[in-house]
J.: 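Could you have a look at this structure, given as structure tokens, before my questions?
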Amino acid sequence: SLDPNGFQQSDIEIPLWQFGLGDGGTLALEDLVSGQKFSWTGKWQRVGFDPNRLPFAIWRVRSEEM
């Protein structure tokens, strides 16, 4: 986020078709800053960034089938 004063969040559409997955597919993510691993299921996800904590994210995204 480029907002230095407030929390920002948005719904984003993940292009699951580019991973060969349907709208309900699951992707494996790794946060390259913290090392945390998690997954997203479905093409719509909500992301948020807090300038007082960490105003950005860098994720490695893979199909769970890989």
J.: Which heavy atom in F56 sits nearest to a heavy atom in V33, and how many Å separate them?
T.: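 For F56 versus V33, the nearest heavy atoms are CE1-CG2, 3.8 Å.
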J.: Where do S1 and F49 come nearest, in terms of heavy atoms and distance?
T.: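 Result for this residue pair: CB-CB, 4.0 Å.
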J.: At what distance, to the nearest 0.5 angstrom, does NZ of K43 lie from CH2 of W17?
T.: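 Rounded to the nearest 0.5 Å, the NZ-CH2 separation comes to 6.5 Å.
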J.: Atom CG of N5 and atom CG of N52: how far apart are they, to the nearest 0.5 Å?
T.: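 Output value for this atom pair is 8.5 Å.
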J.: Please find the pair of heavy atoms, one from D31 and one from W59, that lie closest to each other, and give the distance.
T.: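 Result for this residue pair: CA-CD1, 3.7 Å.
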J.: Could you give the distance from CZ (R60) to CG (L29), rounded to the nearest 0.5 Å?
T.: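 CG of L29 is found 11.0 Å from CZ of R60.
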J.: If you group Ile, Leu, Val, Met, Phe, Trp and Tyr by side-chain heavy-atom gaps below 4.5 Å, do F38 and I58 land in one group?
T.: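 No: no chain of side-chain contacts under 4.5 Å links F38 to I58.
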J.: Check whether F19 and V47 end up in the same hydrophobic cluster, where Ile, Leu, Val, Met, Phe, Trp and Tyr are linked by side-chain heavy atoms less than 4.5 Å apart.
T.: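 Yes.
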J.: For the residue pair L16 and L27, establish whether any side-chain heavy-atom pair is separated by less than 4.5 Å.
T.: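 Heavy-atom side-chain distance check passes, below 4.5 Å.
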J.: Look at the side chain of Q45 and the backbone N and O of T41, then say whether any donor-acceptor pair between them is shorter than 3.5 Å.
T.: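 Such a contact is found between Q45 side chain and T41 backbone.
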J.: Answer whether the closest heavy-atom distance between the side chains of Q9 and R46 falls below 4.5 Å.
T.: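 The answer is yes, as the side chains (C-beta and beyond) meet within the 4.5 Å cut-off.
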J.: Using side-chain heavy atoms (C-beta onward) and a distance below 4.5 Å, is W40 in contact with T26?
T.: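 They are not in contact (no side-chain heavy atoms under 4.5 Å apart), so the answer is no.
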J.: Please determine whether residues I12 and L21 belong to a single hydrophobic cluster, defined as Ile, Leu, Val, Met, Phe, Trp and Tyr linked transitively by side-chain heavy-atom distances below 4.5 Å.
T.: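 They do share one cluster, since a chain of ILVMFWY contacts under 4.5 Å joins I12 to L21.
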